[in-house]
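Beneath this line is the structure, given in structure tokens, with notes to follow.
Here is how names work: the chains are called A, B, and so on, in the same order as the sequence lines, proteins then strands, and each is numbered from 1. These numbers come from a predicted model, not from an experiment.
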Number of protein chains: 2
Amino acid sequence: MDQVAEAAGVSRATVSRVINGAPSVDAKIREIVQRAIADTGYVPNVAARSLVTRKSNSVALVISEPDRPYDTSFLNRVFTDPYFGRVTAGATGALRPHDIHLVIIPTDSTDHHHVIRYLRQGHVDGVLLISSHEADPLPRQLHELGIPAVISARPASPLAASFVDVDQRLGARLAAEHLLGRGCRRLATISGPLDIPSGSDRLDGFRSYLAGRGIPDVPAVEGDFTRHGGEECARRLLTAHPDIDGLFVASDLMAEGALRAVQDLGRRVPDDLAVVGFDDSSAALDCRPLLTTIRQPVEEMAAEMAEVLMAHIAAPGRLPRSVTFQPTLVVRESA
Amino acid sequence: MDQVAEAAGVSRATVSRVINGAPSVDAKIREIVQRAIADTGYVPNVAARSLVTRKSNSVALVISEPDRPYDTSFLNRVFTDPYFGRVTAGATGALRPHDIHLVIIPTDSTDHHHVIRYLRQGHVDGVLLISSHEADPLPRQLHELGIPAVISARPASPLAASFVDVDQRLGARLAAEHLLGRGCRRLATISGPLDIPSGSDRLDGFRSYLAGRGIPDVPAVEGDFTRHGGEECARRLLTAHPDIDGLFVASDLMAEGALRAVQDLGRRVPDDLAVVGFDDSSAALDCRPLLTTIRQPVEEMAAEMAEVLMAHIAAPGRLPRSVTFQPTLVVRESA
DNA sequence: TTTCTGCCTGAGAGCGCTTTCTCGGCGGGC
DNA sequence: GCCCGCCGAGAAAGCGCTCTCAGGCAGAAA
């Protein structure tokens, strides 16, 4: 920087002003400095800059799965799951115009203190927290440490923190309405894990809407949001209730597995049994028949998380803010 | 840090030594300092540390796809592709024990200068470069800038840079051998894009091995490594050559699509037509029948890239090093 | 006891940048 | 024509840490 200053015949302070676009620099001088920067091939040192600005221009995407052991297969599942992929894509896209980069940090509960330490050290300016598990202490911890954060779902216990979510119950209701509209009457569902809100909310939403329409006691089995799990659940469900004609599966990945099991068991989809998924991930298009599903705009939601986070970083005192997206029904072939 | 020093009754230098695990500190003093650190809740400032050590303790995973426009669908494809997911998982797992974090940076050619600037600013200590495209200038640029980097494949033009690759031709040969061994004689292949080495090498390897076994002129169509592309290619291939009985598809994702097309066209797999994929990604298990494929140990390869990179960072002068992994045949149901 | 050898610790000089404070110079108003 | 005010640039003080260098103290050797 000194070299640039000397080459341009100005002080270091002026070079700094030019680099940071301060308006109070004479146009001629600005140009001279810029030429000097180009000539010398000068590149600012970010560490020195962060030291004084206390900004790192990067944020962490923390994927917290408290009860999964941190091992190769955990990493593999996380990075191969289309849901996390969509989140990453949405966040990256929203952050890039602001020249902010993403550090991706998967973590389990034994690992939380590492993550906390990392975040407190100032590596990042804020956190996008993907935490679905009800009992996950991370959201509260971050909040108490005053680390700017936006959570990917409504926190289980009330917390004055910003979050972005989709209206889970509405999504389940849309699925129920659609199945009912097709004439299905013997409905069932494969839910997500019930200890995570998106799992239990979709189940509740589905059941309580149907109860209101005079259909109580809808059979349900608890799945795990994996393809394989969906296959297994469908098999169990059809064995216990061979006559069901409409199935709501709480994720597309599970629906893909379920579809396979259903067809293996000799049912035609949608004629014998109509199936509705949830997410509208790429998995919905990998199914045969193509999956009718409840669309969750994951990329947009992640982008919104990023926007809210940047606002928090820019104005640390600002009040928490929550945004709820509306799910929509996407009709394809399976229902 | 001054507070800690005062609380412990030592100098800042000693606190620094304790934090960095210098061996030359008296055990009693070390303990006092550690207690003081705990009491004051002191957390080191990484920016200040990097400023002097010139280390950031993070590395970039740059995913370079020169001819894809940088847009939402590009991001989506990258982050949803199981191959990149496996790379990320492998690298993350290898880096974590060393407390090094990953910054993921997808980029197209219009964006290269941003990435270069980012890397030069010292945000990261090194680069894991996923670059398959033959004409990609990024590997050479990084090399010329002296930024420590490890490339995910043998560079198209000779470059004194470290890389990790799988023996592509051997993989193709294993597929050919297996198909031949099953009794297939009318073989064909769906290749990857021919302007990327992994695409052309697999095709060459397949054809030249078969040519050596007296089977010249094996039909091939050029795919694009997507599920949909595979479906389309298979359809074209079977239309032009209805009698083929063995098919090598250069990626599992494409094979999944191809399998679907083949079955739609009324062929039984593997009885009428045997299919071998490449990768052994999760897609291989999503197929029906389960996909016989050539396993590429992507996670291990990414981990190796990380190890080599860390070695380069630790000893900047060290000579480039290349590691080639052996692919293996995984027999399932499709061939 | 004295001197020498080592091992620890403390003092202090940066690392490269931002930012406040200050001052010089120029233009406009009276 | 003089003074005031404002704009633009420079000087210098850190930001929080590491690390070299030198000094002090203890133990061993003479």
Side-chain angles (χ1 to χ4, degrees), chain A residues 1-37 39-58 99 117-125 313-314 316, chain B residues 1-37 39-58 99 117-125 313-314 316:
Chain A
M1 191 163 176
D2 276 320
Q3 289 179 27
V4 176
E6 192 175 351
V10 299
S11 72
R12 241 171 39 238
T14 301
V15 177
S16 174
R17 281 187 274 259
V18 170
I19 290 171
N20 295 298
S24 68
V25 179
D26 188 90
K28 285 191 295 286
I29 293 198
R30 178 191 310 278
E31 201 170 321
I32 292 173
V33 171
Q34 273 162 346
R35 189 158 24 241
I37 290 174
D39 290 348
T40 53
Y42 167 74
V43 179
N45 175 315
V46 287
R49 176 179 290 169
S50 325
L51 181 57
V52 34
T53 60
R54 339 233 76 192
K55 284 269 170 302
S56 68
N57 283 320
S58 55
D99 251 300
R117 183 163 51 95
Y118 180 82
L119 299 176
R120 291 187 62 196
Q121 286 182 333
H123 279 104
V124 295
D125 299 331
I313 291 170
Chain B
M1 189 162 176
D2 276 321
Q3 288 179 27
V4 176
E6 192 176 353
V10 299
S11 72
R12 236 172 43 239
T14 300
V15 176
S16 175
R17 280 189 274 261
V18 170
I19 290 171
N20 295 298
S24 69
V25 179
D26 187 273
K28 286 192 296 285
I29 294 197
R30 178 190 309 278
E31 199 170 324
I32 293 172
V33 171
Q34 274 162 345
R35 186 156 29 240
I37 290 174
D39 289 349
T40 53
Y42 166 74
V43 179
N45 174 316
V46 287
R49 175 179 292 168
S50 320
L51 181 57
V52 33
T53 61
R54 340 232 72 195
K55 283 271 170 304
S56 68
N57 282 322
S58 55
D99 252 300
R117 184 164 48 97
Y118 180 81
L119 299 177
R120 292 187 62 197
Q121 286 182 332
H123 279 105
V124 296
D125 299 331
I313 292 170

Within this structure, what is the NZ-to-P distance between A/Lys28 and D/dG8, rounded to whole angstrom? 11 Å
Under 3.5 Å, is there a donor-acceptor pair between the side chain of B/Ser56 and the main chain of B/His123? yes
Whole angstrom is fine here: how far is it from CZ in B/Arg17 over to P in D/dC21? 14 Å
Using a 4.0 Å heavy-atom cut-off, does A/Ile29 contact any base of the nucleic acid, only the sugar-phosphate backbone, or nothing at all? sugar-phosphate
Difference in axis direction between the ends of the helix from C/dT1-D/dA30 to C/dC30-D/dG1, five pairs, 10°: 50°
Okay, side chain of B/Asn20, backbone of B/Ala22: is any donor-acceptor separation there less than 3.5 Å? no
Hey, what are the protein-to-nucleotides 12-15 of chain D N/O distances that come in under 3.5 Å?
{"from": "D/dC15", "atom 1": "O3'", "to": "A/Arg54", "atom 2": "NH2", "distance (Å)": "3.3"}

Note, B/Arg17 side chain near B/Val33 side chain (heavy atom, < 4.5 Å): no
Base, sugar-phosphate or nothing for B/Thr14? Non-hydrogen atoms, less than 4.0 Å. sugar-phosphate
Distance under 4.0 Å to a non-hydrogen atom of chain A counts as contact; along DNA chain C, which nucleotides mark the start and end? C/dG16 to C/dT20
Base, sugar-phosphate alone, or nothing: which one does A/Asp2 contact when heavy atoms must sit under 4.0 Å apart? nothing
A/Gly9 vs B/Val15, nearer the 5' end of DNA chain D by closest nucleotide: A/Gly9
Side-chain N or O of A/Ser11 versus OP1/OP2 of D/dA9: is the shortest distance under 4.0 Å? no
From CG of B/Asp26 over to C1' of D/dG24, roughly how many Å is that when rounded to an integer? 15 Å
